[in-house]
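Each remark here refers to the structure printed beneath this line.
Since the structure is predicted, the reported quantities are computational estimates derived from the model, not experimental observations. Counting from 1, the numbers follow the sequence of the chain as shown. Below, all heavy atoms of this structure are taken into account, side chains as well, without hydrogens, waters or symmetry copies.
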Amino acid sequence: ADPWCNPGGPPDGAATRPFVGGVVWVSGSGLVGVTTADGTGSLRVSSASPMPMQALVVDAQSDGQKQLIVSDGRVAHLYLLEGCRINPVFDGQGSPFVFDLQNLRGNGTGVGCEDLGAGRQLVALQVLPGGDGSTMRRTAITINGNNGSPGRSDTVAATPSGSTITCGDLTMANDGVQQP
């Protein structure tokens, strides 16, 4: 067992969703966690949003390194999973790495996993304001250790996924778990 993890599983009443290697869950009080063969790790994500927490586990680069994306509908926090450990990803300035989901910071409307030329990876999506909303900027997010930083970006025709959280065939709506 991993000393950083607790024995047992999700708390009673938590909403759960299996992923390869474990279960991701969200409790009614907003605790987010994963339960694997190593035990259970959890954390509390601070949120001022009235919307319920949602969580999705992805393997953005298809390399076995799993990421946990936790959304409150306004922003999405990024974590790396290491067994049952949930490690925060930082933005290079020492603050937690956060995807903008409602353009509140003027830099994003969604999260995806796309190939911008260096293989599939996490991308921040931003449907561009003005005009007819027909274009979106994709910005690759490079994860190095526990730091995430924006990499190359391009502008493409907007898709419905530009305003959601997706990764390949996985979507937050269909494959994530929502706070009960």
Side-chain angles (χ1 to χ4, degrees), residues 1-92 94-102 104 108 110-113 120-125 141-149 161 164-180:
D2 187 316
W4 293 99
C5 302
N6 298 308
D12 288 345
T16 62
R17 179 75 65 162
F19 65 89
V20 176
V23 173
V24 60
W25 52 267
V26 182
S27 75
S29 67
L31 203 60
V32 177
V34 296
T35 300
T36 69
D38 296 325
T40 294
S42 63
L43 55 85
R44 186 164 303 280
V45 179
S46 63
S47 168
S49 173
M51 294 167 23
M53 286 286 178
Q54 295 181 304
L56 177 66
V57 173
V58 301
D59 179 352
Q61 295 172 194
S62 303
D63 61 1
Q65 167 64 68
K66 291 183 174 53
Q67 297 85 31
L68 172 65
I69 300 170
V70 180
S71 167
D72 68 4
R74 292 178 176 168
V75 297
H77 299 264
L78 179 61
Y79 302 91
L80 299 178
L81 295 183
E82 189 179 328
C84 55
R85 294 184 201 188
I86 303 172
N87 298 313
V89 175
F90 297 98
D91 64 3
S95 296
F97 188 93
V98 177
F99 290 99
D100 193 354
L101 298 179
Q102 294 184 338
L104 298 175
V111 180
C113 297
R120 190 173 94 154
Q121 62 191 111
L122 280 171
V123 293
L125 304 173
I141 304 304
T142 302
I143 299 171
N144 189 353
N146 271 24
N147 282 313
S149 58
S161 67
T164 60
I165 297 174
T166 61
C167 188
D169 296 337
L170 301 177
T171 67
M172 182 66 83
N174 295 333
D175 304 289
V177 61
Q178 181 167 299
Q179 181 178 356

Could you tell me whether a side-chain N or O of R17 sits under 3.5 Å from a main-chain N or O of V24, the two making a donor and an acceptor? no
Sub-4.5 Å side-chain heavy-atom contact between S29 and R44: yes
Main chain of L31, side chain of S27: is a donor-acceptor contact present, judged purely on distance under 3.5 Å? yes
Only one of D91, V75, L78 passes side chain to side chain contact (heavy atoms under 4.5 Å, CB included) with V98; say which it is. V75
Does T166 reach the main-chain N or O of T171 with its side chain, forming a donor-acceptor pair under 3.5 Å? no
Side chains of Q121 and Q61: is there a donor and an acceptor less than 3.5 Å apart? no
Between G73 and L101, what is the shortest heavy-atom contact and its length? O-CB, 3.8 Å
Testing the basics here: between T16 and P10, what is the closest heavy-atom pair and its distance to 0.1 Å? CG2-CG, 3.9 Å
What do you reckon, is CG of N144 surrounded by more than 12 foreign heavy atoms closer than 6.0 Å? no
Write down the atom of A124, the atom of I141, and the distance for their closest heavy-atom approach. N-CG1, 4.0 Å
Determine, stepwise, if the pair N146 / L80 fulfils side chain to side chain contact (heavy atoms under 4.5 Å, CB included). CA-CA 8 Å; N146 271 24; L80 299 178; 3.6 Å; yes
Side-chain contact test, heavy atoms from C-beta onward, threshold under 4.5 Å: evaluate it for V34 versus I86 and give yes or no. yes
Is the backbone of M53 close enough, under 3.5 Å, to the side chain of Q179 for a donor and an acceptor to pair up by distance? yes
Taking the side chain from D59 and the backbone from G64, do they hold a donor-acceptor pair closer than 3.5 Å? yes
Given 3.5 Å as the limit, does a donor-acceptor pair link the side chain of R120 with the main chain of A60, or not? yes
Just do the side chain to side chain contact (heavy atoms under 4.5 Å, CB included) check on N147 and F97 with the steps written out, would you? CA-CA 8 Å; N147 282 313; F97 188 93; over 6 Å; no
Is there a side-chain contact between Q54 and V70 (heavy atoms, below 4.5 Å)? no
Where do T40 and C84 land on the side chain to side chain contact (heavy atoms under 4.5 Å, CB included) test, with the steps shown first? CA-CA 6 Å; T40 294; C84 55; 5.9 Å; no
Are the side chain of N6 and the backbone of G39 linked by a donor-acceptor contact shorter than 3.5 Å? no
Hey, does the side chain of Q65 reach the backbone of L81 with a donor-acceptor pair shorter than 3.5 angstrom? yes
Quick check: closest heavy atoms across V89 and G148, and the distance to 0.1 Å? CG1-N, 3.4 Å
Looking at D12, I'd like to know if its CG atom is crowded, meaning that more than 12 non-hydrogen atoms belonging to other residues, nucleotides or ligands lie closer than 6.0 Å. no
Got a donor-acceptor contact below 3.5 angstrom from the S161 side chain to the T164 backbone? no
Between the side chain of R74 and the main-chain N/O of S47, is any donor-acceptor distance below 3.5 Å? no
Closest non-hydrogen contact found for S71 with I165 is CB-CD1, 3.6 Å
Please find the pair of heavy atoms, one from W25 and one from A14, that lie closest to each other, and give the distance. CE3-CB, 4.1 Å
Output for pair (L56 CG, Q178 CD), nearest 0.5 Å, gives 12.5 Å
Please report the C-alpha distance between I143 and Q67 in whole Å, then the side-chain angles of each, then the deciding distance to 0.1 Å, and finally whether the side chain to side chain contact (heavy atoms under 4.5 Å, CB included) criterion is met. CA-CA 10 Å; I143 299 171; Q67 297 85 31; 4.3 Å; yes
Y79 and V45, any side-chain heavy atoms less than 4.5 Å apart: yes
Kindly compute the distance separating CG (D175) from CG (L170), expressed to the nearest 0.5 Å. 4.5 Å
